[in-house]
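Inspection log for the structure reproduced underneath, given as structure tokens.
Computed from a predicted model, the values in this text were never measured in an experiment.
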Amino acid sequence: MESRYKTYQYVEQLPQFVGNEVELRGWVQNKTEKGKLVFIILRDGTGITQCVIFKNNVTEEIFSNAKSLTQESSIYIKGTVRAEERAPGGFEIDVTELNVYNIAKFYPITPKEHGDAFLMEVRHLWLRSSRQHAIMRIRSSVIKAIKDFFDGNGFKQMDSPILTPSACEGTSTLFETKYFDIGSAYLSQSGQLYAEATAMALGRVYTFGPAFRAELSKTRKHLTEFWMVEPEMAFFDLNDDMDLAEDLVEYIVQYVLKNNLKELSVLERDISKLENIKRPFYRLSYDEAVDWLQKNKIPLKKKINGQDVDIVPFPWGEDFGSPQEEALMEQFDKPCIIHRYPSDVKAFYMKRDPNNSKVVLAMDMLAPEKGGEIIGGSQREDDENLLLERIRKENLPEDDYQWYLDLRRFGSVPHSGFGLGVERTVKWITGASHIREVIPFPRMIYRIYP
RNA sequence: UCCUGAGUAGCUCAGCUGGUUAGAGCAUCUGACUGUUAAUCAGAGGGUCGGGGGUUCAAGUCCCUCCUCAGGAGCCA
């Protein structure tokens, strides 16, 4: 689509301008001087290119302006594009004109190494660095892929409320805020329940928005504010749900491979590992997973009276923690879905397995290479009485769930859905070591600045 | 919240068993150089050693306390 708005020439278009004059606008990533030469690495958001200012080719004023440039100063340049092997990226601009928008003073992020704590303090500037730039472009691709996938498969997007009257799942700690005279409102931890209602109106829907958890998690895979896409499908059973989850993840990874090879290379990501992400993925029932843990003597780590205790063999009925998930995933080179968990460790809205009342029709997708849990989903309980029973058992406020029970009173149907964590997925695909790197401005316990 | 670890220049770090005026590289500023890629070379400026208290003739160093940050656990996307 041709833009109606003002367009400029960009670094990413340089190959088509070799031998011609271009005008570029951007920031000075680095500058070195060598007598009558000034080299500038110009960054314009689409890429970087080297610009050379040779004293004899420009006016005295331009040359002295070039010498006075500092890291991250913003400039306009005009010059001729030339293929140049010695330059990063293979192209170089012979500069004839230079205008300065702003001379940056004392940019704090130097080309040397920095610690994480410092970089988080200057997150608003850190985003300009090549690694963060690459991650943000991949994040944008992942979101585009998600929307394309659902839009192309007959889904309608619906938006769930962010302010909610009570907990969706009843378990997590929520952010609370005053809501006029009505009392308290809570920031949503999931749009799922509302997506279920909308699926009964539109058939197949997805909700895509932020989720908030006030838990005191302090790990490299948790944020207090994160983005989640949650499809919900009427007339889908657990198997349909798992098929859809696999298709989605395959589509996202292949989309990124098709569109972001340059970024993946900046991140030094092993492409072959991503190329391998094609259906079918692996699937294990919880029972099979527990068998494997027991055979391989993977313990359950528990705290009993303040003492760390390893329980072997792993007892049936306990939920998996990071140590179990990581051990299980070491054998796989593709994502693995674990399904049919004990009902006691899963949320109240999950449907009981008709073949085994001890388990629910739940599924989690774990990513390889320590990607961890990227998807959690289930077939939903569609029987009014069984659902009410679970709500009472978990001591949830029954009144708040009357509308949700209505969905089971007026034309209840089998339906399923899942939630995919955008940051967890981007972290896995990019190979980032910490989730805070894959969202522009991470919100974590102990950090809300900048 | 619990466990572990760390705070020394703008940044990354060194600083021994407590002992003279607190050290380096990068960044900043000045100068030199026509091919730099984290350029190099010469010079300059830059410090409440996280805060407070204590021990001592003497504390960046030892003790107490508070603060901040990082990693892990549980919870989960």
Discussion item. Whether the side chain of A:Arg424 engages the backbone of A:Lys221 through a donor-acceptor N/O pair (distance < 3.5 Å, no angle test) should be reported.
Written reply: yes
Discussion item. Any carboxylate oxygen within less than 4.0 angstrom of a Lys/Arg side-chain nitrogen, looking at A:Glu250 and A:Arg279?
Written reply: no
Fill in: B:A24 to B:A14 separation - P atoms, rounded to the nearest Å
16 Å
Practice prompt. Can you tell me the distance, in whole Å, between the CD1 atom of A:Ile109 and the C1' atom of B:A38?
Written response: 15 Å
Worksheet item: For the side chain of A:Phe39, counting heavy atoms from C-beta on, which of B:U36, B:C75, B:C33 is nearest?
Response: B:U36
Fill in: Value in whole Å for how far the P atom of B:C76 lies from CG of A:Leu223
17 Å
Practice prompt. Starting at atom CG of A:Leu216, determine the distance to atom P of B:C3, rounded to an integer number of angstrom.
Written response: 14 Å
Fill in: Inter-nucleotide C1' distance (B:G71, B:U28), Å rounded
33 Å
Practice prompt. Verify whether one side chain among A:Arg86 and A:Gln50 offers a donor that lies under 3.5 Å from an acceptor in the other.
Written response: no
Worksheet item: Under 4.0 angstrom, heavy atoms only, what part of the nucleic acid is A:Ile374 near: base, sugar-phosphate, or nothing?
Response: sugar-phosphate
Worksheet item: RNA chain B: A:Leu420 or A:Ser322, which has the more 5' nearest nucleotide?
Response: A:Ser322
Fill in: Point-to-point distance, once rounded to the nearest 0.5 Å, from CG of A:Asn65 to NZ of A:Lys67
11.5 Å
Worksheet item: Between A:Lys34 and B:C33, does any side-chain N or O lie under 4.0 Å from OP1 or OP2?
Response: no
Item to complete: Would you mind classifying the nucleic acid contact of A:Ala117 as base, sugar-phosphate or nothing, using non-hydrogen atoms under 4.0 angstrom?
Response: sugar-phosphate
Worksheet entry | For RNA chain B, stems built from three or more consecutive Watson-Crick or G-U wobble pairs below 3.5 Å | B:1-7 with B:67-73, B:10-13 with B:23-26, B:28-32 with B:40-44, B:50-54 with B:62-66
Discussion item. Can you tell me which nucleotide in B:U1, B:U36, B:A77 comes closest to the side chain of A:Met228?
Written reply: B:A77
Worksheet item: Taking the C1' atom of each, how far is B:U48 from B:A22, in whole Å?
Response: 14 Å
Practice prompt. Using whole Å, report how far CD1 of A:Ile435 lies from P of B:A70.
Written response: 15 Å
Item to complete: Side chain of A:Ser217 only, please: which of B:G35, B:C75, B:A77 is the nearest?
Response: B:C75
Worksheet item: How does protein reach along nucleotides 22-27 of chain B, written 5' to 3' as B (base within reach of a heavy atom under 4.0 Å), S (only sugar-phosphate), or - (no contact)?
Response: ---SSS
Discussion item. What I want to check is whether the side chains of A:Ser184 and A:Glu176 have a donor and an acceptor closer together than 3.5 Å.
Written reply: yes
Discussion item. Does the plane of the ring in A:Tyr401 sit parallel, tilted or perpendicular to the ring in A:Phe348? Use 30° and 60° as the thresholds.
Written reply: perpendicular
Discussion item. Under a 3.5 Å cutoff, is there a donor and acceptor pairing between the side chains of A:Asp151 and A:Tyr206?
Written reply: yes
Discussion item. Would A:Arg340 and A:Asp287 count as a salt bridge (charged side-chain N to carboxylate O under 4.0 Å, His left out) here? Give the steps.
Written reply: CA-CA 8 Å; A:Arg340 295 179 170 81; A:Asp287 286 6; over 6 Å; no
Discussion item. When the P atoms of B:U4 and B:A27 are compared, how many Å lie between them, rounded to an integer?
Written reply: 40 Å
Discussion item. For a quick check of understanding: with a heavy-atom distance under 4.0 Å over all strands, which category does A:Lys31 fall into, base, sugar-phosphate or nothing?
Written reply: nothing
Worksheet item: Do A:Glu92 side-chain and B:G35 base share a donor-acceptor contact under 3.5 Å?
Response: yes
Worksheet item: Strictly by modelled atom types, are A:Ser130 and A:His133 linked by a side-chain donor-acceptor pair under 3.5 Å?
Response: no
Worksheet item: What is the distance from OH of A:Tyr341 to P of B:C75, rounded to the nearest Å?
Response: 12 Å
Discussion item. Nearest whole Å is fine: how far is B:G7 P from A:Tyr446 OH?
Written reply: 20 Å
Worksheet item: For A:Lys55, which contact category applies under a 4.0 Å heavy-atom criterion: base, sugar-phosphate, or nothing?
Response: nothing
Worksheet item: Can you check whether A:Phe149 and A:Tyr255 have ring centres sitting under 6.0 Å from each other?
Response: no
Fill in: Span that lies between the C1' atom of B:U61 and that of B:C2, in whole angstrom
30 Å
Discussion item. Between A:Phe91 and A:Phe17 (judged by ring centroids, cut-off 6.0 Å), do the two rings come close enough to count as a pair?
Written reply: no
Worksheet item: Can you tell me how far P in B:A59 sits from the matching atom in B:A42, rounded to whole Å?
Response: 37 Å
Discussion item. If you apply the rule salt bridge (charged side-chain N to carboxylate O under 4.0 Å, His left out), what do you find for A:Arg43 with A:Glu72, and how did you get there?
Written reply: CA-CA 9 Å; A:Arg43 177 178 70 70; A:Glu72 290 303 321; 2.7 Å; yes
Worksheet item: Can you check whether A:Arg220 has a side-chain N or O nearer than 4.0 Å to OP1 or OP2 of B:G72?
Response: yes
Worksheet entry | Given B:C76, B:A70, B:G35, the nucleotide with the shortest approach to the side chain of A:Arg424 | B:C76
Fill in: Euclidean distance for C1', B:A9 against B:G25 (whole angstrom)
12 Å
Discussion item. Between B:G15 and B:A58, how far apart are the two P atoms, rounded to whole Å?
Written reply: 26 Å
Worksheet item: What is the distance, rounded to the nearest whole Å, between atom NZ of A:Lys301 and atom C1' of B:C75?
Response: 18 Å
Worksheet item: So what does A:Phe118 touch, heavy atoms closer than 4.0 Å: a base, only the sugar-phosphate, or nothing?
Response: sugar-phosphate
Discussion item. Can you work out whether A:Asp319 or A:Ile445 has the more 5'-proximal nearest nucleotide on RNA chain B?
Written reply: A:Ile445
Item to complete: For A:Gly372, answer base if it contacts any base atom (sugar-phosphate contacts may also be present), sugar-phosphate if it contacts only those atoms, and nothing otherwise; contact means non-hydrogen atoms under 4.0 Å.
Response: nothing
Item to complete: Taking only the side-chain heavy atoms of A:Glu215 (C-beta and beyond), determine which of B:C69, B:C75, B:G35 contains the nearest atom.
Response: B:C75
Worksheet item: Over how many whole Å does the gap from A:His222 atom NE2 to B:G72 atom P extend?
Response: 11 Å
Practice prompt. May I ask you to verify whether the side chain of A:Gln50 and the base of B:U36 hold a donor-acceptor pair under 3.5 Å?
Written response: yes
Discussion item. With a 3.5 Å cut-off and heavy atoms only, can you find an N or O donor on one side and an acceptor on the other between the side chain of A:His114 and the base of B:C11?
Written reply: no
Item to complete: Pick out which of A:Glu423, A:Arg131, A:Arg220 makes a side chain to side chain contact (heavy atoms under 4.5 Å, CB included) with A:Glu437.
Response: A:Arg131
Worksheet item: Does A:Arg213 have a side-chain nitrogen or oxygen under 4.0 Å from the phosphate oxygens OP1 or OP2 of B:G74?
Response: no
Worksheet item: Does a nitrogen or oxygen in the side chain of A:His434 sit under 4.0 Å from OP1 or OP2 of B:G71?
Response: yes
